[in-house]
There are 2 protein chains.
Amino acid sequence: MADVAGVAGVSHQTVSRVLNGLPNVREGTRERVLEAIDQLGYRRNRAARALVTARTSTIGILTVGSEFFGPQSTVLAVEAAARARGYFVSVTSLERYDADSALVALNHLVDQGVDGVVVVAPLELVTEAIDDAALSLPMVVVAARPDVPAADPVQYVFVDQRSGARQATDHLLGLGHRRIVHVSGPVGWFDAAERLRGWRESMAAAGCDAVEAAAGDWFAASGFEVGTRLARQVSAGEATAVFAANDYLAIGLLRAFWEAGLSVPDDVSVVGFDDLQSSAFFIPALTTVRQPFAEVGRTALAALLDGADAPGAPHVLTPSLVVRGSTGAPRAS
Amino acid sequence: MADVAGVAGVSHQTVSRVLNGLPNVREGTRERVLEAIDQLGYRRNRAARALVTARTSTIGILTVGSEFFGPQSTVLAVEAAARARGYFVSVTSLERYDADSALVALNHLVDQGVDGVVVVAPLELVTEAIDDAALSLPMVVVAARPDVPAADPVQYVFVDQRSGARQATDHLLGLGHRRIVHVSGPVGWFDAAERLRGWRESMAAAGCDAVEAAAGDWFAASGFEVGTRLARQVSAGEATAVFAANDYLAIGLLRAFWEAGLSVPDDVSVVGFDDLQSSAFFIPALTTVRQPFAEVGRTALAALLDGADAPGAPHVLTPSLVVRGSTGAPRAS
DNA sequence: ACGAGTTATGTTAGCGCTAACAAATAGTGG
DNA sequence: CCACTATTTGTTAGCGCTAACATAACTCGT
């Protein structure tokens, strides 16, 4: 910076002023400074700036370290939103799914001096770890947590999973299905719990028994495994539709039903959740629930940067049902 | 740090020594310092440290900002490898796929003072932008670039896409197929170009005509569109197998063939590339090529941190074919 | 027990920047 | 044309840390 000041014939402070866009710099001076900067290829040292301002212009993202569609999409959206607002983004993922890992990851970000943290890890143990950590750092959690502590300084942003599940279930009910099984996601995940709850609510409202089949994780292999069992229930007339907690599980289901010689949607309807890029091309095309990830990203960042002092109610966004070929009226019995 | 020194009854320098694990600190002193740190909940200021050491312990990752399986998996792997080695990771993605965006993104990282950059954006225009930028920063590019400039200070790490394509094609040839169409990925992507080339090599070696069908992007929708056309060729006996540039395209193909009433693999064999989590559950299960992403991540990071001064030959990893139900011998004609 | 050789600790300076204040210059009304 | 205000520029200090050097405190061998 001293070099730039020398070339431009001003003091380093004036250079700083130009760089920060402060007023009270004559136009001619500003131009000379910018010229000198350009000529010398000068770049401001962010560490020194951070040291004196006590702000790093960096936000941390804590995410589950896997290829889950929802979290992954959210992270991308937050990153894009942050970049658009001139922030740097530091990403850290969970090594394992336990409270210890969550704290390690959180500390990793705090050590880095981030100005705020967006948590994209909709796991109960992560939010618990955060509650315990009680950091004095602006923090936004993207997770459909139903019981946000009242005085929690942390802000919540999420897509209403329960609403999505109700839309999916109501769609099936509307087609005439009564025996709708839910293949639920793994325990400990808010999204799984909320989708399960939404399904239960709709089933209860319709006066139907809610029979659940739990999948061990979010992947197609689990969906297939559960689907193999469900195929027998379908054949026995014990189920006419399945609502899967996500599209990967639905892939496994479709496959299992196909292997069992069952036709979707003639013998059994299937609904997923997430709307993958390729869900429209499954066999058959999958009816599913789409989430507004880009909006989640923007909202989360806005909450973090602008609403630092306004925890208040969580920001809830609404998903929408996408009806395709995997659902139809139940076979007249 | 001064506070800690006060509590421990030592100078701030001794605290610094303890923190950095330097020798020549008596055990008792070290313990007192650690105790004081713990008691005060002290955290070292990274900005100040970065200022004086001129190193940020942060590496930047430049990636395409989309949900592509390969890049996404690679980023996760690099992040995990970096964390394991105590580095912070700053991620930036391309706003658009043009040279300008690439430079903006690269500058964004440089401005941040990263110690090195890993580029996970296997696009020609990105490597060109990097060549032009000629930054004096350790840099590793994860891209199957066939013509790495000799004196390039940038290191390359990649999975041998050509080998994967040859394995896929040779598998089909071995089954007896002669008319094997390749559905190629979008132009401008190294992976697409290399897979195309590998397929051509194998076809040429077998003395077969290589008929290509270009997809506009990497997604299932394009695969479906191309597949609709290919279905007619298959019916006309002009093709007996299709090698898709990735699994998403393959999904679209499977769907198109299904709609056309063609059986896979009886009427036409299909091979993909990437081995998605769910590829084993497609209908039929997809024969595809699996890439060692975790190894790519580790190798890239090792190259960045350890081999700063040894550009040399690119680090090439090898993918492996996974044979499943979507391939079989051609129908005897 | 004394000095040479080690090892442990303290002192000083400065990394590059911005905040706060001081000085200089330009602008304005009487 | 001068006193006075508004604007522009310069000067100084210090953010929290580490490198380099200075000093103090221990070892030992003789």
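No experiment lies behind these values; they were computed from the predicted model shown. Throughout, a chain's letter reflects where its sequence line sits, starting with A, and its residues are numbered from 1.
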Below 3.5 Å, can you tabulate the donor-acceptor pairs from side chains in residues 20-27 of chain A to any protein atom, sequence neighbours excluded?
| unit_1 | atom_1 | unit_2 | atom_2 | d |
| --- | --- | --- | --- | --- |
| A:N20 | OD1 | A:R44 | NH1 | 2.6 |
| A:N20 | OD1 | A:R49 | NH1 | 2.8 |
| A:N20 | ND2 | A:S16 | O | 3.2 |
| A:N20 | ND2 | A:S16 | OG | 3.4 |

Please tabulate, for the side chains in residues 111-125 of chain A, all donor-acceptor contacts under 3.5 angstrom to protein atoms that are two or more places apart in sequence or on a different chain.
| unit_1 | atom_1 | unit_2 | atom_2 | d |
| --- | --- | --- | --- | --- |
| A:D111 | OD1 | B:R43 | NE | 2.9 |
| A:D111 | OD1 | B:R43 | NH2 | 3.2 |
| A:Q112 | OE1 | A:S90 | OG | 3.0 |
| A:Q112 | NE2 | A:S90 | OG | 3.0 |
| A:D115 | OD1 | A:T56 | N | 3.0 |
| A:D115 | OD1 | A:T56 | OG1 | 3.2 |
| A:D115 | OD2 | A:T56 | N | 3.4 |
| A:D115 | OD2 | A:S57 | N | 2.8 |

Side-chain donor-acceptor pairs of residues 32-39 of chain B under 3.5 Å, sequence neighbours excluded:
| unit_1 | atom_1 | unit_2 | atom_2 | d |
| --- | --- | --- | --- | --- |
| B:R32 | NH1 | B:A8 | O | 2.7 |

Residues 61-69 of chain A, side-chain donor-acceptor partners within the protein, below 3.5 Å, at least two apart:
| unit_1 | atom_1 | unit_2 | atom_2 | d |
| --- | --- | --- | --- | --- |
| A:S66 | OG | A:Y97 | OH | 3.3 |
| A:E67 | OE2 | B:S73 | OG | 3.2 |

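Legend: salt bridge (Lys or Arg N to Asp or Glu O under 4.0 Å) pairs involving residues 126-136 of chain A, not counting sequence neighbours, sorted by first then second residue: A:D131-A:R145. Sorted by first and then second residue, the salt bridge (Lys or Arg N to Asp or Glu O under 4.0 Å) pairs with a member in residues 14-24 of chain B form an empty list; sequence neighbours excluded. Pairs passing the salt bridge (Lys or Arg N to Asp or Glu O under 4.0 Å) check and including a residue from residues 73-97 of chain A, sequence neighbours excluded, read A:E79-A:R83, A:R83-B:E95, A:R85-A:D306, A:E95-B:R83, A:R96-A:D98.
Within residues 25-38 of chain B, the residues that place at least one heavy atom under 4.0 Å from DNA chain C are, in residue-number order, B:V25, B:R26, B:T29.
Each end of the helix from C:dA1-D:dT30 to C:dG30-D:dC1 gets its own rotation axis from five pairs of C1' atoms, and the angle between them is 30° to the nearest 10 degrees.
Put simply, the side chain of B:T14 never gets that close to the backbone of B:V10: no donor and acceptor are under 3.5 Å apart.
Phosphate contact (OP1/OP2 of D:dG10, side-chain N/O of A:T14, threshold under 4.0 Å): present.
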Counting primed atoms, P, OP1 and OP2 as sugar-phosphate and everything else as base, the B/S/- map of nucleotides 12-21 of chain C against protein heavy atoms under 4.0 Å is B-BBBSBBB-
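For the side chain to side chain contact (heavy atoms under 4.5 Å, CB included) test, residues two or more places apart in sequence or in another chain that qualify with A:A48 are A:N45, B:L51. Among residues two or more places apart in sequence or in another chain, the side chain to side chain contact (heavy atoms under 4.5 Å, CB included) test is passed with B:A81 by B:R298, B:L301.
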